[in-house]
Chemist: 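Sharing a structure here in structure tokens format.
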Amino acid sequence: MNIGNDLSIENLTKSFGRQKVLKGISFKVPEGETVVVIGGSGQGKSVLLKHIMRLLVSDSGDILVGGQPIMNLSSSDMDQVRMRMGMVFQEAALFDSMSLRENVAFPLRMHSGLREKEIIRIAEETLERVGLKGVGEKMPSEVSGGMKKRVGIARAIAMKPGILLYDEPTTGLDPVLSSAIDELILKMRSDLGVTSLVISHDMKSTFRIADKIIFLYQGVIQASGTPEEIQASEDPVVRQFISGDTAGPISVI
Ligand SMILES: Nc1ncnc2c1ncn2[C@@H]1O[C@H](COP(=O)(O)OP(=O)(O)OP(=O)(O)O)[C@@H](O)[C@H]1O
Ligand SMILES: [Mg+2]
């Protein structure tokens, strides 16, 4: 299968029991661009991301990866599509019993068929790319949260995917580390030309990295546009979310 690196989310709906989480979501992530999905807790951001890896199956609607609808693909064809995508998990989700280098080498060992020497070389080179030269021997428990996030990004890019999916990459990091992760996301785009879909509720980071912002609220896209357009939005829901005020249409329980 030879497919491109754009994403298209088409009229996606998903309920859990009687709870309608996604009520018809449609947007595109053009090849090489960075789209950031924002929205409050429980609005379905992670559920959306899980559909893109087909870890969840939609009730209706589909995801197109390079124009290829994925919901009805065979599992072997879906594995091929997954190989083209790197996922950076919220809590880095490293294997605690493996060194940083082994964490990055893991997907290469599983899928690349490369020889040991080549795997180690690529793992070292990828760690260097995220600013972690010479620390491959360390264990996850020996490094900071910010370093773990970088290793998570290194593991996601080790197979050189065309598409990167990030679930809240800067949550829980101090402002300086958040900026460093943002710079890394921008670098992945400029150096590797990757298409990125980022889930976030860090507005500062969102405005720094996004080409386009999608604001999810109550199962639909409440607003979308460039960072400038979202910043200038007069929608009271969007305004409240950006400002972080407790008073406004978004209920705080
Ligand atoms: N597997 C599941 N089974 C049942 N309900 C689920 C499942 N996964 C998610 N939900 C529900 O769907 C809703 C959206 O969850 P989701 O994890 O996508 O929120 P989120 O926008 O990522 O929030 P946060 O910012 O807190 O991570 C929540 O009410 C959640 O309880
Ligand atoms: Mg989430």
Side-chain angles (χ1 to χ4, degrees), residues 7-27 29 34-63 70-71 75 78 82 85-94 145-146 148-149 152-153 155-156 163-175 177-178 181-182 185 196-210 212-224 230 233 235 237-246 248-253:
L7 291 173
S8 185
I9 288 77
E10 298 197 338
N11 214 3
L12 202 68
T13 70
K14 182 69 176 180
S15 296
F16 295 106
R18 294 206 330 248
Q19 186 194 6
K20 288 184 181 161
V21 177
L22 302 177
K23 300 178 190 165
I25 304 286
S26 302
F27 64 93
V29 189
T34 301
V35 171
V36 181
V37 176
I38 60 173
S41 218
Q43 299 296 324
K45 302 182 301 297
S46 295
V47 166
L48 170 66
L49 208 61
K50 284 177 188 158
H51 279 86
I52 297 171
M53 295 292 275
R54 212 179 74 183
L55 301 173
L56 285 172
V57 175
S58 65
D59 296 337
S60 67
D62 214 323
I63 309 276
I70 63 167
M71 286 303 155
S75 50
M78 189 60 216
R82 282 197 193 101
M85 300 196 271
M87 172 106 178
V88 180
F89 293 93
Q90 193 167 345
E91 299 298 335
L94 301 181
K148 280 190 214 167
K149 292 249 182 187
I153 293 174
R155 187 175 59 186
I163 300 171
L164 279 174
L165 309 172
Y166 299 85
D167 199 350
E168 307 208 3
T170 59
T171 302
L173 298 183
D174 71 41
L177 276 177
S178 292
I181 296 292
D182 289 341
I185 293 172
S196 304
L197 180 62
V198 183
I199 303 288
S200 186
H201 36 53
D202 176 342
M203 291 315 301
K204 203 170 168 196
S205 159
T206 298
F207 287 131
R208 252 190 316 234
I209 62 174
K212 192 173 176 198
I213 298 171
I214 304 282
F215 182 46
L216 271 193
Y217 184 61
Q218 297 185 341
V220 297
I221 297 176
Q222 175 82 11
S224 66
I230 292 292
S233 169
D235 181 329
V237 175
V238 177
R239 293 243 54 83
Q240 187 190 351
F241 190 78
I242 294 174
S243 65
D245 287 343
T246 49
I250 303 172
S251 65
V252 189
I253 322 166

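Both ligands and their constituent atoms are indexed starting at 1 by order of listing.
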Chemist: Is Ser46 close enough to the Mg ion (ligand 2) to have an N, O or S atom under 2.8 Å?
Modeler: yes
Chemist: Can a donor-acceptor pair be found, under 3.5 Å and without considering hydrogens, that links the side chain of Gln43 to the backbone of Gln218?
Modeler: yes
Chemist: Tell me whether Lys50 reaches ligand 1 (any heavy atom closer than 4.0 angstrom to a ligand atom).
Modeler: no
Chemist: I'd like to know if the side chain of Ser46 pairs up with that of Asp167 as donor and acceptor (distance under 3.5 Å, no hydrogens or angles considered).
Modeler: yes
Chemist: Ligand 1 and Gly42, any nitrogen or oxygen pair closer than 3.5 angstrom?
Modeler: yes
Chemist: Students should be able to answer this: which protein heavy-atom is nearest to atom 12 (O) of ligand 1, and at what distance?
Modeler: Val21 CG2, 3.4 Å
Chemist: Answer yes or no: is there a side-chain heavy-atom contact under 4.5 Å between Tyr166 and Ile181?
Modeler: no
Chemist: List the closest protein heavy-atom neighbour of atom 29 (O) of ligand 1: residue, atom name, distance to the nearest 0.1 Å.
Modeler: Gln19 NE2, 2.8 Å
Chemist: Could you tell me, atom by atom, which parts of ligand 1 come under 4.0 Å of a heavy atom of Gly40?
Modeler: 21 (O)
Chemist: Atom 25 (O) of ligand 1: which protein heavy atom is closest, and how many Å away?
Modeler: Lys45 NZ, 2.7 Å
Chemist: If you look at every heavy atom in Met71 and Ile63, which pair is closest and at what distance?
Modeler: CE-CG1, 3.7 Å
Chemist: If you scan the protein for heavy atoms around atom 4 (C) of ligand 1, do you find one that is closer than 4.0 Å?
Modeler: yes
Chemist: So for Gly17, does at least one of its heavy atoms come nearer than 4.0 angstrom to any atom of ligand 1?
Modeler: no
Chemist: For residues Leu165 and Met85, report the shortest heavy-atom separation together with the two atoms involved.
Modeler: CD1-SD, 4.3 Å
Chemist: So which protein heavy atom does atom 26 (O) of ligand 1 come closest to, and at what separation?
Modeler: Ser41 OG, 2.4 Å
Chemist: Would Thr13 and Asp59 count as having a side-chain donor-acceptor pair, cut-off 3.5 Å?
Modeler: no
Chemist: What's the shortest distance from atom 17 (O) of ligand 1 to any protein heavy atom, and which residue and atom give it?
Modeler: Ser46 CB, 3.6 Å
Chemist: Any chance NZ of Lys20 has more than 12 other-residue heavy atoms, nucleotides or ligands included, within less than 6.0 Å?
Modeler: no
Chemist: Hey, is Gly44 one of the residues with a heavy atom under 4.0 angstrom from ligand 1?
Modeler: yes
Chemist: Should you measure from each heavy atom of Glu168, which atoms of ligand 1 turn up under 4.0 Å away?
Modeler: 25 (O), 27 (O)
Chemist: Quick check: does any side chain N or O of Asn11 sit under 3.5 Å from a backbone N or O of Ser26, one acting as donor and the other as acceptor?
Modeler: no
Chemist: Treating Arg155 as the side-chain partner and Ala93 as the backbone partner, does any N or O pair qualify as donor plus acceptor under 3.5 Å?
Modeler: yes
Chemist: Run down the list Asp167, Leu49, Val47 and name the one with the heavy atom closest to atom 16 (P) of ligand 1.
Modeler: Val47
Chemist: Provide the number and element of each atom of ligand 1 under 4.0 Å from a heavy atom of His201.
Modeler: 25 (O)
Chemist: Would you indicate whether the side-chain heavy atoms of Leu197 and Val37 approach each other to under 4.5 Å?
Modeler: yes
Chemist: Is atom 31 (O) of ligand 1 touching the protein, meaning some protein heavy atom lies under 4.0 Å away?
Modeler: no
Chemist: From the options Ile38, Ile242, Val198, select the one residue that forms a side-chain contact (heavy atoms from CB on, under 4.5 Å) with Thr206.
Modeler: Ile38
Chemist: Of the protein's non-hydrogen atoms, which lies at the shortest distance from atom 2 (C) of ligand 1, and what is that distance?
Modeler: Phe16 CE2, 3.4 Å
